[in-house]
Amino acid sequence: MTYRDWLVGTVVSTSMLTPTAKGIVLEVPGWKGSAAGQHVDVRLTAEDGYQAVRAYSLASTGPGDTVELAVDLIEDGEVSPYLVHELREGDQLEFRGPLGRWFVWKPEDGPRPVQLVAGGSGVVPLLAMLRAHAASGSEAPFKLLYSVRTPTDVFYAAELTELRSPTLDVTFVFTRETPQGWPQPAGRVSRELLGSATVPAGEHPAVFVCGPTGFVEAVADWLVELGHDPVAVKTERFGVN
Amino acid sequence: MNHVDGNALAGPLSEVFRDDITTALGRCTSCGDVSVLAEALVSPVSPAAT
């Protein structure tokens, strides 16, 4: 079995992570695990034989024969409405992977600081990195800046709270609605905020930015303006079309 | 989510290349920029490319 072969996983559990996003855990006999940040291609086949393929980041990482996806609903999408609304425990799902070796963090990368910047559901591959960081006991200092519309849109909120540690700092930016009593008003990530809430360029962090295309491009440009080496800023972008 | 950058080519290109080539460097013939394939923007043109 190689990563280019199509596999079949069986859904062992699902859960709504937000009002529009579903966590899906699959059991895949023979799965050899994945590195943090990798994705899979999911393939749906209609009764008439029409097939649609979409890439979804893995929330899971490391060895084991389970695979965890987190899928955000795109109302007029071809694949996500089925995954979010229809897919049930016991169903089978076809996919291939793990895919991608660029947008990946490994514990072997050593003690170099890591800055993660997430926009919306872009937090999924970054959560895999946080899980890998915690599971490995890595002493690399991690920071996550997570931009999200409202408190109910936060993926894995409880786990993010539990993962906080002396080597993991999490900063939320709420763009439309904040929790009650939140010290800052709702607003978007800005260059100034990046400058104050992220690992300084002088510490030469590895940076991973994932989110909608416009968000990622704005953040990556600001990080370079703030002195980060463009080569150290890795990006993963997604759209809604 | 629906990826629209070179990272998402890892699957389709696995049908053609033995190794993941999204980490390979390429030069844009339009602007001369040198970057890894994973950082390139991709226009989805078929179900297999999205």
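Here is how names work: the chains are called A, B, and so on, in the same order as the sequence lines, proteins then strands, and each is numbered from 1.
Interface residue B/A40: only backbone heavy atoms are found under 4.5 Å from chain A. Residue contact with chain B, scored on non-hydrogen atoms closer than 4.5 Å, involves the backbone of A/V233 exclusively. With a 4.5 angstrom heavy-atom cutoff, A/Q38 does not touch chain B via any of its atoms.
A 6.0 Å sphere centred on CD of A/E75 holds no more than 12 heavy atoms belonging to other residues, nucleotides or ligands. When the shell of 6.0 Å around CZ of A/R43 is examined, it contains more than 12 heavy atoms from other residues, nucleotides or ligands. Taking a 6.0 Å sphere around CZ of A/R176, one finds it holds 12 or fewer heavy atoms contributed by other residues, nucleotides or ligands.
Taking every heavy atom of both residues into account, B/P12 and A/R96 meet most closely at N-NH2, 3.2 Å. Residue A/L99 comes nearest to B/G11 through the heavy atom pair CD1-CA, 3.6 Å, listed as atom of the first residue, atom of the second, then distance. Shortest non-hydrogen contact noted between B/T22 and A/R101 is OG1-N, 4.4 Å. Looking at every heavy atom in both residues, A/A55 comes nearest to B/A8 through CB-CB, 4.4 Å.
Rounding to the nearest 0.5 Å gives a distance of 7.0 Å between CG of B/N7 and OG1 of A/T235. Note: B/D5 CG to A/W102 CH2 = 11.5 Å, rounded to the nearest 0.5 Å.
Although no hydrogens or angles enter the test, the distance criterion places no donor-acceptor pair under 3.5 Å between the side chain of A/R237 and the main chain of B/G6.
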